Amino acid sequence: MRKYLSLPAVVVLLLGSAGVAHAVEVGAAGGVTSQGDMTYRLSVGLPWDQQWWKSDLGHATGYWDAGYTYWEGGSGDDNYSGAHSLSLSPVFTYEFSGLGVTPFLEFGVGVAFFSKTRVGEKQLGSSFNFEDRIGAGLRFAGGQKIGVRAIHYSNAGIKQPNDGIESFSAYYSHAF
């Protein structure tokens with residue numbers, strides 16, 4: 001009999017190997033898709049307790065991001081509106097040296113699971129998709145962050161059709 005690791009077990013192993021810091025970031029975002037439909041996202045981030053490429057300019061670090069997104073549909077048809085997605089992604093950041101306010105850039109590639117294979121006018125082909133993101137923002141000394149982010153979801157051609165969908169959003173998070 002083969003034994004398989006469950007997704008929660010894999011997440012625990014990855015978190016343990018990444019040196020997660022003790023702070024937890026809770027965030028909220030509002031955005032719009034490339035078709036004009038609204039998206040609303042809640043997230044939990046676990047910052048890594050690692051820094052790379054330290055210099056006078058700044059350093060690289062990152063965090064694990066777990067998110068829930070509600071996708072409004074534009075058609076009003078029950079079959080195409082009201083999709084939900086859950087995602088998990090390692091996110092790499094480059095934090096520039098700052099005095100009280102730290103500018104940063106971020107990028108990441110993770111996975112997402114959608115409740116429907118059609119979101120608005122886009123056909124995703126499968127419930128499983130990859131999440132690619134890029135963003136920029138400011139981190140304040142009190143543990144608060146604001147920023148903008150573009151996230152693209154697609155199944156990388158695993159199943160057709162593979163229209164993919166984007167969400168462009170502004171976000172806020174606070175570390176506890």
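Everything numeric in this text was worked out from a predicted model, so none of it was measured.
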Which ILVMFWY residues can you reach from Leu57 by hopping between side chains whose heavy atoms are under 4.5 Å apart? Tyr94, Phe96, Leu105
Between NE2 on residue His152 and CG on residue Asn129, distance to nearest 0.5 Å: 8.5 Å
Any chance you could measure Tyr40, atom OH, to Tyr70, atom OH, to the nearest 0.5 Å? 8.5 Å
Is Asp37 salt-bridged to Lys122, going by a charged N under 4.0 Å from an acidic O? no
Roughly how far apart are Thr39 OG1 and Ile151 CD1, rounded to 0.5 Å? 8.0 Å
Heavy atoms from other residues, nucleotides or ligands near CG of Leu138 exceed 12 (cutoff 6.0 Å): yes
If hydrophobic clusters are built from ILVMFWY residues whose side chains come within less than 4.5 Å, do Val91 and Val24 share one? no
What heavy-atom pair brings Gly45 and Pro47 nearest, and what distance separates the two atoms? O-CD, 3.5 Å
Cation-pi between Lys145 and Phe104: NZ/CZ under 6.0 Å from ring centre and within 45° of the ring axis? yes
Taking atom CH2 of Trp64 and atom OG of Ser89, what is their separation to the nearest 0.5 Å? 7.5 Å
Answer yes or no: is there an ion pair linking Asp65 with Arg133, defined by an N-O contact shorter than 4.0 Å? yes
What pairs meet the salt bridge (Lys or Arg N to Asp or Glu O under 4.0 Å) rule with one or both residues in residues 85-113, with sequence neighbours excluded? Glu95-Arg139, Glu106-Arg149
Compare all side-chain heavy atoms of Val119 with those of Leu124 and state whether any distance is below 4.5 angstrom. yes
Heavy-atom nearest pair, Lys159 first then Gly125, reads CD-O, 3.1 Å
Only one of Ser167, Ser85, Ser87 forms a side-chain contact (heavy atoms from CB on, under 4.5 Å) with Glu131, so which one is it? Ser87
Would you say Thr61's side chain and Gln50's backbone share a donor-acceptor pair under 3.5 angstrom? yes
Do Val111 and Phe128 have side chains that approach each other closer than 4.5 Å (heavy atoms only, starting at C-beta)? yes
Working to the nearest 0.5 Å, report the span between OH of Tyr153 and CD of Glu166. 10.5 Å
One should read off an interatomic distance between Asn162 CG and Ser126 OG, to the nearest 0.5 angstrom, of 7.5 Å
Grab the two heavy atoms, one from Ser154 and one from Gly164, that are nearest each other, plus how far apart they are. CB-CA, 4.0 Å
Hphob cluster co-occupancy, Leu88 + Tyr63, side-chain heavy atoms under 4.5 angstrom: no
Between Phe114 and Trp71, is the gap from one ring center to the other below 6.0 Å? yes
Residue pair Ala28 / Leu42: nearest heavy atoms and the distance that separates them: CB-CD2, 4.1 Å
Transitively linked via ILVMFWY side-chain contacts under 4.5 Å: Met38 with Tyr68? yes
So Asn155 and Phe130, side-chain contact (heavy atoms from CB on, under 4.5 Å) or not? Walk me through it. CA-CA 6 Å; Asn155 67 31; Phe130 293 97; 5.5 Å; no
Do side-chain atoms of Thr69 reach the backbone of Arg41 as a donor and acceptor pair under 3.5 angstrom? no
Can you give the donor-acceptor pairs under 3.5 Å from side chains of residues 169-176 to other protein atoms, not counting sequence neighbours?
| from | atom 1 | to | atom 2 | distance (Å) |
| --- | --- | --- | --- | --- |
| Tyr172 | OH | Gln144 | OE1 | 3.1 |

